[in-house]
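Read through the structure below, which is laid out as structure tokens, and then see the notes.
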2 protein chains.
Amino acid sequence: MYDLLLANIAKYITLTQEETDYLISLLHTKKIKRKRYLQQEGDTTRHTSFVISGILRMYSVDKNGFEHIIQFATPGWWIGDFQSFLQQKPGNLFIDAIDDSEIIQLSKTDLDNLFIKVPKFERFFRILAENAVAAYQQRFVNSLSLSARERYQNFAELYPSLVQCLSQKFIASYIGVTPEFLSKMLNQQMQ
Amino acid sequence: MYDLLLANIAKYITLTQEETDYLISLLHTKKIKRKRYLQQEGDTTRHTSFVISGILRMYSVDKNGFEHIIQFATPGWWIGDFQSFLQQKPGNLFIDAIDDSEIIQLSKTDLDNLFIKVPKFERFFRILAENAVAAYQQRFVNSLSLSARERYQNFAELYPSLVQCLSQKFIASYIGVTPEFLSKMLNQQMQ
DNA sequence: CGGAACAATTAATGTAGATTAATTTTTTTT
DNA sequence: AAAAAAAATTAATCTACATTAATTGTTCCG
């Protein structure tokens, strides 16, 4: 159940049995059915979530009702509205399950206590956050400087398995074009 | 000299005199004249930098030679190509000084040692990285879901002092439009 | 102080990708 | 397996913003 998470943690820090047990005592698992929300605009993010099965998406909805996917999360990934979680204020993002999924949750309160009781976790979450910054920096640069076609190619290279399993609609939303345009683009490419 | 940085650190962790002295022994200051590069594409980022005076910009240059400003950094801000710094590999970003500036630098090696000798710093840099993730998430959402005019308004609200002191060229590059279009937009707005 | 480099403005023209809408294909539900 | 819902395709039209180019205004430096 917690193997994937523990393996993930073990890459960066080494825990004693006691520390592992304490961590596990703070965790809760949660199942989310396809199309069900983990979080909606206006909710305050009380937990950070680690995906163990399925796939979720985080997205914003603009004032014209269009969705912009910021991130997909497959097993082994963390997902959450960082701003809302850190400041414990209502956020403006949505998260829902694309397929039936299962996640492990850790509440903000428990995480804060964990940092105090087992300071080693500061290191783990520092590295996690640093990697997230690097990833966002890169994604942002790509969205600024690549054309729609290049953004698609880049996505396909980076996440070949996602290209297989996601509908075009979601990929279009992630790379920032309409489904109609993506369809046209892909069919032109073949000729 | 190091006051601004120490005050910044003191917001999140408390250091003994000894720890402060040790930190200071690892720091170097550097002056960067207007238009001089702190870093160019292909360089590996060996240091993380904290601005104490002046203003710098970090940007990417796309294959058509256009610059896209990712971040400005004024006193009190950290700046650096995270991906290159973390992986110690050549990066693809540029950083240069918009005005004569002064920064404090800390090398990757010294930072890694600092984490081992004074684990408290794990917490400080964790919080820093978390805040950076939240900021990037928000900037990214804005770039996806707002029009050029809204992005300008948002920038002007967030950084009123920068709107004053930066040339339109730089603001245009930050919000992701051409200088010509920004000029037109601003003059239309007044009518 | 004068001229060279740089920044801003204006306007005509061009285009990547959006919008709308109708049709077909695929998936889901019962 | 049929009906309903969702996804993909195609094509015509539209638009926010880019491009190009010429003009003016500003800053900086010898």
Side-chain angles (χ1 to χ4, degrees), chain A residues 33-37 54-55 57 59-69 72 96-101 142-156 162-191, chain B residues 33-36 54-55 57 59-69 72 96-100 142-156 162-191:
Chain A
K33 286 238 168 258
R34 185 161 185 275
K35 296 198 181 184
R36 289 289 154 73
Y37 289 101
I55 177 167
R57 69 206 252 254
Y59 56 99
S60 76
V61 177
D62 69 26
K63 62 179 198 302
N64 302 315
F66 288 101
E67 296 173 359
H68 305 273
I69 296 181
F72 296 109
D96 63 22
I98 290 179
D99 287 332
D100 291 355
S101 303
N142 287 345
S143 86
L144 291 174
S145 46
L146 302 183
S147 68
R149 172 161 280 130
E150 290 166 326
R151 288 187 323 262
Y152 180 84
Q153 283 160 352
N154 184 68
F155 177 79
L162 288 184
V163 176
Q164 303 301 322
C165 78
L166 290 175
S167 67
Q168 279 181 212
K169 195 181 65 145
F170 288 133
I171 298 175
S173 171
Y174 183 90
I175 66 171
V177 296
T178 56
E180 291 86 350
F181 186 75
L182 178 59
S183 168
K184 194 165 90 180
M185 207 171 75
L186 291 175
N187 292 336
Q188 274 173 359
Q189 209 162 39
M190 290 169 185
Q191 287 160 18
Chain B
K33 286 241 168 256
R34 185 161 184 274
K35 297 199 178 183
R36 290 288 154 73
I55 176 166
R57 69 207 253 254
Y59 56 100
S60 76
V61 177
D62 68 27
K63 64 178 197 302
N64 303 313
F66 288 103
E67 296 174 359
H68 304 273
I69 296 180
F72 295 111
D96 64 21
I98 290 178
D99 286 333
D100 290 356
N142 288 344
S143 86
L144 290 174
S145 47
L146 302 182
S147 69
R149 171 161 280 129
E150 290 167 326
R151 289 190 318 265
Y152 180 83
Q153 283 160 353
N154 183 68
F155 177 78
L162 289 184
V163 175
Q164 303 301 322
C165 78
L166 290 176
S167 65
Q168 277 179 215
K169 195 182 64 146
F170 289 133
I171 298 175
S173 171
Y174 183 89
I175 65 172
V177 296
T178 57
E180 291 87 349
F181 186 75
L182 178 58
S183 169
K184 194 164 91 180
M185 209 172 74
L186 291 174
N187 292 336
Q188 275 173 358
Q189 209 164 39
M190 291 170 183
Q191 286 158 19

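Remember, predicted model here, so these are calculated numbers, not experimental data. So you know, we letter chains A, B, ... as the sequences are listed, proteins then strands, and number each from 1.
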Please determine whether side-chain contact (heavy atoms from CB on, under 4.5 Å) holds for the pair A/M185 and A/L182, giving the CA-CA distance in whole Å, both sets of side-chain angles, and the decisive distance to 0.1 Å.
CA-CA 5 Å; A/M185 207 171 75; A/L182 178 59; 3.8 Å; yes
If you apply the rule side-chain contact (heavy atoms from CB on, under 4.5 Å), what do you find for A/V177 with A/R151, and how did you get there?
CA-CA 10 Å; A/V177 296; A/R151 288 187 323 262; 3.9 Å; yes
Applying side-chain contact (heavy atoms from CB on, under 4.5 Å) to B/F155 and B/L162, what does each step give before you reach the verdict?
CA-CA 9 Å; B/F155 177 78; B/L162 289 184; 4.1 Å; yes
Report the C-alpha separation of A/I69 and A/I175 in whole Å, then their side-chain angles, then the decisive distance to 0.1 Å, and conclude whether the side-chain contact (heavy atoms from CB on, under 4.5 Å) test is met.
CA-CA 8 Å; A/I69 296 181; A/I175 66 171; over 6 Å; no
Begin from the C-alpha positions of A/D96 and A/R57 and carry the test salt bridge (charged side-chain N to carboxylate O under 4.0 Å, His left out) through to its verdict.
CA-CA 6 Å; A/D96 63 22; A/R57 69 206 252 254; 2.8 Å; yes
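Nucleotide C/dT9 holds its C1' atom 7 Å from the CG atom of B/N187, rounded to whole Å. Following rounding to the nearest Å, B/K33 (NZ) and D/dC28 (P) show an atom-to-atom distance of 14 Å. Rounding to whole angstrom units, CG of residue A/L166 and P of D/dA6 are separated by 18 Å. Here C/dA8 presents its C1' atom at 14 Å from CZ of B/F170, a figure rounded to the nearest Å. Distance B/Q168 CD to C/dC6 C1': 14 Å, rounded to the nearest Å.
The closest side-chain heavy-atom distance from A/Y59 to A/H68 is not below 4.5 Å.
Taking the ring centre of A/Y152 as origin, the terminal cationic atom of A/R149 falls outside the region bounded by 6.0 Å and 45° from the ring axis.
In this model, the phosphate group of C/dT9 is approached by a side-chain N or O of B/S183 to a distance below 4.0 Å at OP1 or OP2.
B/E180 and B/S183 share no side-chain donor-acceptor pair at under 3.5 Å.
A/F66 comes within contact range of the sugar-phosphate backbone alone, with a heavy-atom separation under 4.0 Å but no base atom that close.
Summary of the strand contacts: A/R34 and B/N64 both lie near DNA chain D, and taking for each the nucleotide with the nearest heavy atom, the more 5' one is attributed to A/R34.
Using cut-offs of 30° and 60° on the angle between ring planes, the pair B/F170 and B/F72 is perpendicular.
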Identify each atom pair where a protein N or O and an N or O of nucleotides 13-17 of chain C are less than 3.5 Å apart, giving names and distance.
from: C/dG17; atom 1: OP1; to: A/A148; atom 2: N; distance (Å): 3.1

What protein N or O atoms touch nucleotides 21-25 of chain C N or O atoms at under 3.5 angstrom, if any, and at what distances?
none

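Rotation axes derived from the C1' atoms of the five outermost pairs at either end of the helix from C/dC1-D/dG30 to C/dT30-D/dA1 lie 60° apart, to the nearest 10°.
Between B/E150 and A/K63 there is a salt bridge, with a side-chain nitrogen of the basic residue lying less than 4.0 Å from a carboxylate oxygen of the acidic one.
B/D100 contributes a side-chain N or O that, together with a main-chain N or O of B/R34, makes up a donor-acceptor pair within less than 3.5 Å.
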